[in-house]
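Below is one structure; the comments refer to it alone.
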Amino acid sequence: MTYFEKISQTQIKKDAIIMGIETSCDETAVAIIKNGREILADEIISSATEHARFGGVVPEIASRTHTTAILTATKRALESANLTLEQIDAFAVTEGAGLLGALLVGVSFAKSLAFSCNKPLVPVSHIRGHIAASYLADKDLEPPFITILASGGHTAIVAVEDYYNIKVLGSTLDDAVGEAFDKVARVLGLSYPGGPNVERLAKEGQNVIQLPKMLKNYDGSEFDFSYSGLKTAVINYVHNQKDRGVEINKADVANSFQCAAIDVLADKAIKAAKQFGYNTICVSGGVGANGYLRDTLTEKTKKSNIKLVLPEKRYCTDNGAMIGAEGYLQYLKGNFADLSLNASAVIALK
Ligand code: KG4
Ligand code: ZN
């Protein structure tokens, strides 16, 4: 009998302890989640400082760091939850999207744990993981709700119809919002990771630079985004001023860009909620950690009488807890993988 045949016969328990493993980028994250909502342990080892001197994530460094950090993170997680490996009911792991070499470390590690402990291996979409972080933030949260998915790889307004069905109402046609933050950071001479540094600088500036309106004269979905034009406009502004010998106010550039990038996210989410009759908006993905986005949404949802779920900043950026939360949902459905599970650099938003 193969591992998979044995595992598919396993009784799925409603009360389950899931280990969530995440290695899609530069964070090695391992968490232990009870019943999809309760965080028993949550460890993150980041290699961000090692990438900083290169101005962005170096995939090779990310993968190598994961290979050593993953053991440490797992041991720490078990210790802090006061559990042994045998007490874990299933091993959930990010199968994609992300850096292939980095993902493979987590996938291979999760396979060995699942195989040696004779427990289910649960593949999880990184994107669904981000969305599931809201279930950890609000223990009573239940679909339906709208989520703003705003990360380094994705930007979308998503209707979460139930725990398993999501509908993308609109998404970016080109760059993701986090990617735009990172590129703008670079042109302003700010170090990696760019998003938090742009936010910091923006606090000292004002929204005084005219930037193009997103998707003017566009007849696709009103919930779509395009960040490439905005990013290019900022880069051109900085270069043009430099060519003219005019010193730029970097804080004003950061602030004006941040307003242009974020306001549209908040506005479209509220519009979607009103148009489709949803009364809850959740925030997911690394850009969800942005203070201006959080403040803007808090104010606007209050005015519109919409409930807002803001996961702690730690659970907006990459973490293992969100993989454990989504892993629990997939576990309940029996969506197990066998040992041929592979990592995937790209995963459709569905
Ligand atoms: O979700 P995440 O950790 O990884 C991906 O799945 O992509 O998101 C990372 C992105 C990066 O582009 C980073 O610059 C951005 O989220 N980010 C922020 C902030 N914190 C992280 N962007 C704006 N403001 C922040 N405070
Ligand atoms: Zn992410």
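For ligands, and for the atoms within them, numbers begin at 1 and follow the listed sequence. Treat the numbers as computed from the prediction; the structure is a model and nothing was measured.
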(message) Is it the case that ligand 1 has an N or O less than 3.5 angstrom from some N or O of G286?
(response) yes
(message) So if I count the atoms of ligand 1 from 1 in the order they appear, which ones are less than 4.0 Å from some heavy atom of G178?
(response) 12 (O)
(message) Could you check, using the six-membered ring where one of them is a Trp, whether F54 and Y192 have ring centers closer than 6.0 angstrom?
(response) no
(message) Heavy atoms only, cut-off 4.0 Å: how does H126 contact ligand 1, side chain, backbone, both, or neither?
(response) side chain
(request) Heavy-atom distances under 4.0 Å are what count here, so tell me which part of P196 touches ligand 1: side chain, backbone, both or neither. (result) both
(request) Determine whether the side chains of Q87 and T84 contain a donor N or O and an acceptor N or O closer than 3.5 Å. (result) yes
(request) Please determine which of L121, I88, I21 meets the side chain to side chain contact (heavy atoms under 4.5 Å, CB included) test together with L113. (result) I21
(request) Mark up the atoms of ligand 1 that fall under 4.0 Å of a heavy atom belonging to G153, in ascending order. (result) 7 (O)
(message) Regarding ligand 1, does G285 bring an N or O atom to under 3.5 Å of one of the ligand's N or O atoms?
(response) no
(request) Verify whether the ring centers belonging to F91 and F109 lie closer than 6.0 Å. (result) no
(message) Restricting to side-chain hydrogen bond (donor to acceptor under 3.5 Å, both in side chains), what partner residues turn up for K307, sequence neighbours left out?
(response) D138
(message) Evaluate D318 for polar contact with ligand 1, using N/O atom pairs at a separation under 3.5 Å.
(response) yes
(request) Return the name of the atom in D318, of element N, O or S, nearest to the Zn ion (ligand 2). (result) OD1
(request) For the pair T23 (side chain) and V105 (backbone), establish whether a donor and an acceptor sit closer than 3.5 Å, ignoring hydrogens and angles. (result) no
(request) State the atoms of ligand 1, each with its element, that fall below the 4.0 Å cut-off from a heavy-atom position in A289. (result) 26 (N)
(request) Considering non-hydrogen atoms only, spot the tightest contact between A90 and V122 and give its length. (result) CB-CG2, 4.1 Å
(message) Restricting to N, O or S atoms, which atom of H126 is closest to the Zn ion (ligand 2)?
(response) NE2
(request) Examine ligand 1 and decide if any of its atoms is less than 4.0 Å from a heavy atom belonging to K313. (result) no
(request) Could you list the atoms of ligand 1 found under 4.0 angstrom from a heavy atom of H130? (result) 1 (O), 6 (O)
(request) Using a cut-off of 6.0 Å, state whether more than 12 heavy atoms not belonging to K139 lie near its atom NZ. (result) yes
(request) Looking only at non-hydrogen atoms, find the nearest pair between Y278 and V160 and report the distance. (result) CE2-O, 4.2 Å
(message) For the 3.5 Å polar cut-off, considering only N or O atoms, please tell me whether D182 and ligand 1 meet it.
(response) yes
(request) Starting from atom 26 (N) of ligand 1, find the nearest protein heavy-atom neighbour and note its residue, name and distance. (result) E199 OE1, 2.8 Å
(request) Identify the protein heavy atom lying closest to atom 24 (N) of ligand 1, giving its residue, its atom name and the separation to 0.1 Å. (result) N290 ND2, 3.0 Å
(request) Please determine if G152 has a nitrogen or oxygen closer than 3.5 Å to a nitrogen or oxygen of ligand 1. (result) yes
(message) Let me check your reading of the structure: within less than 2.8 Å of the Zn ion (ligand 2), is there an N/O/S atom from H130?
(response) yes
(message) Nearest 0.5 angstrom please: Q210 CD to Y237 OH, how far?
(response) 11.0 Å
(request) Could you say whether the N/O atoms of G194 and ligand 1 ever approach to under 3.5 Å? (result) no
(message) For atom 15 (C) of ligand 1, what is the closest protein heavy atom, and at what distance to 0.1 Å?
(response) V287 CG2, 4.0 Å
(message) Between K300 and D267, does any side-chain N to carboxylate O distance fall below 4.0 Å?
(response) yes
(request) Give a yes-or-no answer on whether the side chains of E222 and Q275 include a donor-acceptor pair shorter than 3.5 Å. (result) yes
(request) For atom 22 (N) of ligand 1, find the nearest protein heavy atom and state the residue, atom name and distance (0.1 Å precision). (result) G195 CA, 3.4 Å
